[in-house]
Amino acid sequence: RKEVEQDPGPFNVPEGATVAFNCTYSNSASQSFFWYRQDCRKEPKLLMSVYSSGNEDGRFTAQLNRASQYISLLIRDSKLSDSATYLCAVATQGGKLIFGQGTELSVKP
Amino acid sequence: DARVTQTPRHKVTEMGQEVTMRCQPILGHNTVFWYRQTMMQGLELLAYFRNRAPLDDSGMPKDRFSAEMPDATLATLKIQPSEPRDSAVYFCASGLNRDYPYFGPGTRLTVL
């Protein structure tokens, strides 16, 4: 079993749709959680950190559920420019950062 | 605009050759990660360092891969000998302590 698991998708949605990604992790001692975005043939870039209280950045909302060991990312009012692969990342207390496989999102006109 | 730099950006080599990839972390960052990305396996952690000391290299095939930080401004990943299955994009990322890391543009390696 992988330490961090994501549904690889692809998710094909129309513009304006709301889409949610989930990511589960196996190490209950994990300390930090992040969502990265990766465009085709580019490096991953931080989208947002994920906090226990949940956090929002514009159309993006991230949540953490420690009891069930999953994190989620919600994108509202999808734009064509949101098309990318979204990677969740989980860090141990020592700072070892493990990524999920990534979920591909394609937003269509 | 501080960035992680990686060289070379592309490398094509023949099986059996030595490959060395270099990374310059962002100035002031003390944590460096090496990842390998393929379509099949996704982004795999190979090794990471903090304050130049290796903390975990369990993801790295020990018989052919080695990672070092000769100084705080340079991290290297070496493959010797290279094999076709090593073809992938190798990313270096740097961060400050346990904060999220910034990625370099990657080295696209093709082993023929």
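Below, all heavy atoms of this structure are taken into account, side chains as well, without hydrogens, waters or symmetry copies. Each chain gets a letter, A, B and so on, in the order its sequence line appears, and its residues count up from 1.
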Flag yes if [X] and [Y] sit in one hydrophobic cluster, no otherwise; membership is Ile, Leu, Val, Met, Phe, Trp, Tyr, and two members link when side-chain heavy atoms are under 4.5 Å apart.
X: B:Tyr102; Y: B:Tyr90; result: no
X: B:Leu43; Y: B:Leu109; result: no
X: A:Phe60; Y: A:Ile71; result: yes
X: A:Phe21; Y: A:Val50; result: yes
X: A:Phe11; Y: A:Leu87; result: yes

Atom [atom1] of [X] with >12 non-hydrogen neighbours under 6.0 angstrom:
X: B:Glu83; atom1: CD; result: yes
X: B:Leu27; atom1: CG; result: no
X: B:Arg3; atom1: CZ; result: no

Counting heavy-atom pairs under 4.5 Å to chain B, which of A:Gly100, A:Gly95, A:Pro44 comes out on top?
A:Pro44
Between A:Gln31, A:Lys45, A:Glu43, A:Gln38, which has the largest tally of heavy atom pairs under 4.5 Å with chain B?
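Option with the top pair count is A:Glu43.
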Spacing of CZ belonging to A:Arg41 relative to CZ belonging to B:Arg108, to within rounding of 0.5 Å
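With rounding to 0.5 Å, CZ (A:Arg41) is 4.0 Å from CZ (B:Arg108).
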Hey, what do you get for CZ (A:Phe99) to CD (B:Glu44), rounding to the nearest 0.5 Å?
13.0 Å
Name the region of [X], side chain, backbone, both or neither, that has any atom closer than 4.5 Å to a heavy atom of chain A.
X: B:Leu45; answer: side chain
X: B:Tyr100; answer: both
X: B:Ser58; answer: side chain

Contacting region of A:Thr85 [heavy-atom separation from chain B under 4.5 Å]
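Contact with chain B is absent: no heavy atom of A:Thr85 under 4.5 Å.
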Which answer fits A:Leu97, side chain, backbone, both or neither, if we ask what part of it has an atom under 4.5 Å from a heavy atom of chain B?
both
Quick check on the 6.0 Å ring-centre criterion: do A:Tyr36 and B:Phe103 meet it?
yes
Give the C-alpha distance, both sets of side-chain angles, the deciding distance and a yes or no for side chain to side chain contact (heavy atoms under 4.5 Å, CB included) between A:Lys96 and B:Leu55.
CA-CA 8 Å; A:Lys96 181 176 179 180; B:Leu55 294 188; over 6 Å; no
Answer yes if the side chains of A:Gln101 and B:Gln41 hold a donor-acceptor pair under 3.5 Å, and no otherwise.
no
